[in-house]
Amino acid sequence: MNKAYANRVGAHLSWLRKQKKLTQEQLAARMQLLGCDITRSALAKIEVGQRMLCPDELKALRTALAVSYDDILL
């Protein structure tokens, strides 16, 4: 994933999270319940494009937000 794409995906992920009326802490907690070891800080870094998504995080995000992979990855 290149930097511009990471920024775009992160911004879109932030938008999706806010549409679901979730804080970063709440989304991270949902993902942890699904077996994904992620912190609020790591989620924040993903949202601003400073960190790439791992496959297990992508899977947990899809389930936690009840969206498709296409919805997350644009």
Side-chain angles (χ1 to χ4, degrees):
M1 210 181 313
N2 68 34
K3 181 70 173 156
Y5 186 66
N7 287 337
R8 196 168 82 226
V9 168
H12 186 65
L13 175 59
S14 176
W15 180 83
L16 285 170
R17 176 181 56 77
K18 291 171 185 173
Q19 290 296 304
K20 301 287 183 170
K21 299 184 182 349
L22 295 169
T23 65
Q24 290 174 340
E25 189 70 37
Q26 290 168 326
L27 180 54
R30 282 187 181 192
M31 292 172 67
Q32 289 168 3
L33 289 173
L34 294 167
C36 181
D37 186 23
I38 192 166
T39 62
R40 186 219 51 87
S41 177
L43 186 58
K45 288 179 180 181
I46 292 167
E47 287 187 359
V48 296
Q50 292 179 350
R51 184 178 176 284
M52 303 297 179
L53 275 171
C54 298
D56 63 324
E57 294 166 345
L58 182 58
K59 184 178 177 184
L61 279 169
R62 182 188 61 83
T63 303
L65 292 171
V67 297
S68 71
Y69 291 118
D70 288 341
D71 289 335
I72 296 171
L73 298 176
L74 305 171

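The minimum heavy-atom distance between I72 and L16, with the atom names listed, is CA-CD1, 4.1 Å. Closest of all the heavy-atom pairs between G49 and K3 is O-NZ, 2.7 Å. A64 and R30 make their closest contact through O-NH1, 3.0 Å (heavy atoms, listed as atom of the first residue, atom of the second, distance).
Every residue was checked against the side-chain hydrogen bond (donor to acceptor under 3.5 Å, both in side chains) condition with T39, not counting sequence neighbours, and none meets it. Scanning for side chain to side chain contact (heavy atoms under 4.5 Å, CB included) contacts around R17 gives S14, L22, Q24, L27, E47, with sequence neighbours left out.
Tracing side-chain contacts under 4.5 Å through hydrophobic residues (I, L, V, M, F, W, Y), one never reaches V9 starting from V48; they form parts of separate clusters. Following chains of ILVMFWY side-chain contacts shorter than 4.5 Å, one can reach Y69 starting from L13, so the two form part of one hydrophobic cluster. Residues W15 and V67 fall within the same hydrophobic cluster, defined by Ile, Leu, Val, Met, Phe, Trp and Tyr side chains chained together at heavy-atom separations under 4.5 Å.
Side-chain N or O atoms of N7 include none that pairs as donor or acceptor with a backbone N or O of A4 at under 3.5 Å.
Contact of the K59 side chain with the P55 side chain is not registered, since no non-hydrogen atoms from C-beta on lie closer than 4.5 Å. Using a 4.5 Å cut-off on side-chain heavy atoms (C-beta onward), D56 and I38 make no contact. Contact check for R51 versus E57: side-chain heavy atoms found under the 4.5 Å cut-off.
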> Can you check side-chain contact (heavy atoms from CB on, under 4.5 Å) on I46 and L61, steps first, answer last?
Replying inline: CA-CA 12 Å; I46 292 167; L61 279 169; 5.6 Å; no

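When the shell of 6.0 Å around CZ of R62 is examined, it contains more than 12 heavy atoms from other residues, nucleotides or ligands. Other residues, nucleotides and ligands contribute over 12 non-hydrogen atoms within 6.0 Å of the CG atom of D71.
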